[in-house]
Amino acid sequence: MPELPEVETCVRYLSSALTGDTILQQTSFRSDLRFPIHPSLQNSNQSLTIQSIIRQHKYIVFKTNIPDLDFSIHLGMSGVLRLVPSDTITLKKHDHYQINFQSNRSLILNDPRRFGSVLYVNQLNHNPAPCALNKLTSQLLSSICNQSKQPIKTLLLDQKKISGLGNIYACEALFLSKISPYQLANTLKPLQLRSLSFAIKLVLKKAIRYGGTSIRDFKSPDQSLGYFQHHLWVYNQENKPCRRHGCVGQITRQAQTGRSSFFCATCQK
DNA sequence: AACAATACCTGACAGC
DNA sequence: TGCTGTCAGGTATTGT
């Protein structure tokens, strides 16, 4: 489910809803998510005041009045958060973690595939990769690409090189910049690099504006759906005509390093 | 050191 | 209806 725009959508909602609120209790219903939830984090009554909620790469980071206890949530592939009044909670299948707030609201993490995580911030590995939304410049992209013989699509998905893109937005950005997912990164020309750098930021900003992409199950913590799935050019558009003005091609889907690449072979060269 | 393959999990869906 | 196989938006780990 969640790539950068979906995480950003969650963070913006949670930040405005929960900044200044105080955590009364954190409870895990099962601790075997992607990584074990630290024993002192789960089932803790430590009172923590939320000072801010920010996005670090694809992690939702809760900054508190006790920085050593700052923690993060990663949504993995199928994680969904919901913020609900504490007195009306009905727990659902795959609810794994609950945070109760003084304001009588609870934040609940539901994650069927359990690829998500709840970790202290100091358990996170430092990732120096530039954020695709905020830190990626054409020059940076150029130097990252010059060092890699991977296909550009594969490189875009590598969070250690550039953080934030997943399969949807990598496909969309390559379409916008008319670049084939198979072109080797170190063969991109300066014009292509500028175009791609621009396209990445454009598609992410637009997706955030539409509240993310809800293809299967993405929801904001207020349960609302994103709308960007209606604006996708190639992702999930297999066999549809290419919508680029003047192009008569068709969107194809091909497996590339284990992931589906959607693109128009006619205009993405 | 860079890269590809694998593994972690459940659910939805297509085809039989 | 129920079985089987395939696929899913992420990423750490393992092997080459």
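Just so we're on the same page: letters track the sequence lines, and every chain starts at 1. These numbers come from the heavy atoms of this one structure, side chains and all, not from hydrogens, waters or symmetry mates.
- OP1 or OP2 of B/dC9 has not a single side-chain nitrogen or oxygen of A/His94 nearer than 4.0 Å.
- The separation between A/Asn127 atom CG and C/dG10 atom P is 14 Å, rounded to whole Å.
- With a cut-off of 3.5 Å on both Watson-Crick or G-U wobble distances, the partner of B/dC16 is given as C/dG2.
- Checking C/dC7, B/dG11, B/dC3 against every side-chain atom of A/Pro112, the shortest atom distance belongs to B/dG11.
- In this entry the distance linking NZ of A/Lys160 with P of B/dA2 reads 12 Å, nearest Å.
- Put simply, the side chain of A/Arg34 and the base of C/dT11 share a donor and an acceptor less than 3.5 Å apart.
- When each of B/dC3, C/dA8, C/dG10 is scored by its nearest atom to the side-chain atoms of A/Tyr235, the top-ranked nucleotide is C/dA8.
- Considering A/Arg253, A/Gln254, A/Gln268, A/Lys153 in turn, A/Lys153 is the only one that fulfils the side chain to side chain donor-acceptor pair (under 3.5 Å) rule with A/Ser261.
- For A/Tyr235 and A/Phe262, the gap between ring centers is short of 6.0 Å.
- The base of C/dA8 sits within donor-acceptor range of the side chain of A/Arg113, with an N or O pair under 3.5 Å.
- Smallest separation of non-hydrogen atoms from A/Asp95 and A/Thr90: OD2-O, 4.3 Å.
- The separation between A/Lys153 atom NZ and B/dC3 atom C1' is 16 Å, rounded to whole Å.
- Residue A/Tyr59 is classed as a sugar-phosphate contact, given heavy-atom separations below 4.0 Å to backbone atoms only.
- Spacing between atom CG of A/Leu33 and atom P of C/dA12 amounts to 15 Å, rounded to whole angstrom units.
- Taking a centre distance below 5.5 Å and an interplanar angle below 30 degrees as the stacking criterion, A/Phe115 stacks against the six-membered base ring of B/dC8.
- Put simply, CZ on A/Phe35 is 14 Å from C1' on B/dC9, counting in whole angstrom units.
- One interatomic measurement links the two molecules: CD1 of A/Ile60 to P of C/dG10, which rounds to 14 Å at whole-angstrom precision.
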- prompt: Going through the distances and angles, do A/Arg34 and A/Asp111 end up as a salt bridge (charged side-chain N to carboxylate O under 4.0 Å, His left out)?
  reply: CA-CA 10 Å; A/Arg34 181 71 200 272; A/Asp111 183 10; over 6 Å; no
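- In this structure, A/Lys161 reaches the B/dC3 phosphate: one of its side-chain N or O atoms is under 4.0 Å from OP1 or OP2.
- The side chain of A/Ile168 has C/dG9 as its nearest neighbour among C/dG9, B/dC3, B/dG11.
- The shortest distance between the side-chain N/O atoms of A/Ser260 and the OP1/OP2 oxygens of C/dA8 is below 4.0 Å.
- The side chain of A/Ser148 places an N or O atom within less than 4.0 Å of a non-bridging phosphate oxygen (OP1 or OP2) of B/dC3.
- Across C/dG9, B/dC3, B/dT10, the shortest atom-to-atom separation from the side chain of A/Phe218 is found for C/dG9.
- Taking every side-chain heavy atom of A/Lys93 into account, B/dG11 is the closest of C/dG9, B/dG11, B/dC3.
- Between the P atom of B/dC9 and the NE2 atom of A/His74 lies a distance of 17 Å, rounded to the nearest Å.
- Rounded to whole angstrom, the span from the CZ atom of A/Arg114 across to the C1' atom of B/dT10 amounts to 8 Å.
- Partner assigned to C/dT13 is B/dA5, using Watson-Crick or G-U wobble distances below 3.5 angstrom.
- B/dC3 and C/dG9 are spaced 23 Å apart, taking the C1' atom of each and rounding to whole Å.
- Look at A/Arg82 and A/Asp222 and you find no salt bridge, because none of the NZ, NE, NH1 or NH2 atoms lies under 4.0 Å from a carboxylate O.
- Between C/dG10 and A/Gln159, no contact under 4.0 Å exists linking OP1 or OP2 to a side-chain N or O.
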message: Run A/Phe29 and A/His96 through ring-ring contact (aromatic ring centres under 6.0 Å, His included) and show every step you take.
response: CA-CA 5 Å; A/Phe29 305 115; A/His96 305 313; 8.5 Å; no
